[in-house]
Amino acid sequence: MKILLTGANGQLGSCLQDLAIKSDLFEVLATDYKDLDITNEVAVKAYVEVHQPDIIVNAAAHTAVDKAQSEVELATAINAKGPEYLAKSAQNAGIPMIHVSTDYVFDGTATVPYKPSHLAKPLGVYGETKWLGEEAVRNTLAEHIIIRTAWVFSEYGNNFVKTMLRLGEEREELGVIADQYGCPTYAGDLAASILKCCEKIMLGHRAWGSFHHCGDLPTSWHGFTRAILAEGLAQGKLPNMAKLNAIKTDDYPLPAPRPAYSVMDCSSMKQAWGAGASDWRAALTKVVNLI
Ligand SMILES: NC(=O)c1ccc[n+]([C@@H]2O[C@H](COP(=O)([O-])OP(=O)(O)OC[C@H]3O[C@@H](n4cnc5c(N)ncnc54)[C@H](OP(=O)(O)O)[C@@H]3O)[C@@H](O)[C@H]2O)c1
């Protein structure tokens with residue numbers, strides 16, 4: 001199966017490449033913005049026509065949540081228009097597309113895990129543009145899988161795990177937000193689930209629609225940090241455990257508002273594609289070891 005992978009050098013894209021290379025089922029056309037800028041409609045159309053992939057996996061995104069507040073045009077181009085152009089090309093080529101979205105399409109006022117059908121109400125530009133991208137894919141291409149994920153970490157790129165390990169080494173005391181709850185997700189686990197979908201599609205399985213895929217046990221940024229520091233200490237990557245203070249969202253003002261609760265229900269993805277919520281603590285052990 002020939003996969004056109006966009007955003008191939010990001011966290012998810014890198015993990016997808018690592019896994020796909022180990023399988024003889026997949027040939028990956030790995031592209032980042034230098035090879036294929038998804039905001040360029042003509043380039044996207046031409047790339048799909050020339051290379052004739054069997055499926056598109058869109059891992060490209062503008063993921064800088066705070067920067068997006070002041071980069072509305074750029075975030076819209078990458079998160080909303082790019083997915084639309086990819087979906088149009090997939091439609092013309094008669095192939096399906098897997099598109100990745102975010103828990104930040106929700107406003108965080110729920111008290112039970114969000115199901116994919118829950119009303120989207122993004123709080124910031126990143127969430128809003130990702131929502132527009134989802135809608136463009138839904139309205140353009142019937143054969144789509146939209147997977148919302150959350151709190152992504154990996155051995156690649158810049159992410160919360162790396163930041164906290166660094167701060168844990170530099171500082172004796174850390175204040176971390178304890179009133180936002182979500183589900184950390186290892187990009188490698190999400191990548192494995194995406195490839196599972198690809199394999200099933202190849203075998204004729206069909207279950208198009210929108211799904212959630214994230215780590216299993218919900219936690220706060222404070223709880224996640226405690227797990228990161230404990231893992232760093234256990235693996236000898238930190239000399240000691242920094243004192244961890246719980247702070248409130250209001251104590252740490254940022255340009256973009258975040259949902260206070262973005263825990264997602266992953267059961268429909270499990271039912272439709274056999275890919276359930278992932279064990280983020282096991283993945284954390286692996287990632288801390290790799291960093
Ligand atoms: N990271 C998270 O915590 C998180 C949470 C929820 C959902 N998600 C979603 O999960 C998916 C994967 O996220 P990630 O963490 O792997 O993101 P990432 O590490 O930021 O990777 C995104 C990639 O897209 C590339 N890109 C940016 N503009 C592009 C363009 N115009 N054309 C082609 N490629 C372009 C980026 O290149 P440059 O780096 O060179 O710009 C980067 O390599 C995204 O859909 C994201 O919205 C992420």
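Values in this document were obtained by computation on a predicted structure and should not be read as measured data. Start at 1 and go down the list; that is how both ligands and their atoms are numbered. Throughout, residue positions are numbered sequentially from 1 according to the sequence presented.
Closer than 4.0 angstrom to ligand 1 lie heavy atoms from Gly7, Asn9, Gly10, Gln11, Leu12, Asp32, Tyr33, Leu36, Asp37, Ile38, Thr39, Ala59, Ala60, Ala61, Thr63, Ile78, Val100, Ser101, Thr102, Asp103, Tyr126, Lys130, Thr149, Ala150, Trp151, Val152.
The ring of His213 has its center no closer than 6.0 angstrom to the ring center of Trp273.
A search for salt bridge (Lys or Arg N to Asp or Glu O under 4.0 Å) contacts involving Glu73 returns nothing, not counting sequence neighbours. Residues passing the side chain to side chain contact (heavy atoms under 4.5 Å, CB included) test with Cys266 are His212, Cys214, Ala277, sequence neighbours excluded.
The aromatic rings of Trp221 and Phe224 sit tilted, their planes meeting at an angle between 30° and 60°.
Side chains of Tyr114 and Tyr261 form a contact here, defined as non-hydrogen atoms less than 4.5 Å apart.
The hydrophobic cluster analysis finds Leu290 isolated: no Ile, Leu, Val, Met, Phe, Trp or Tyr side chain comes under 4.5 Å of it, directly or through other members.
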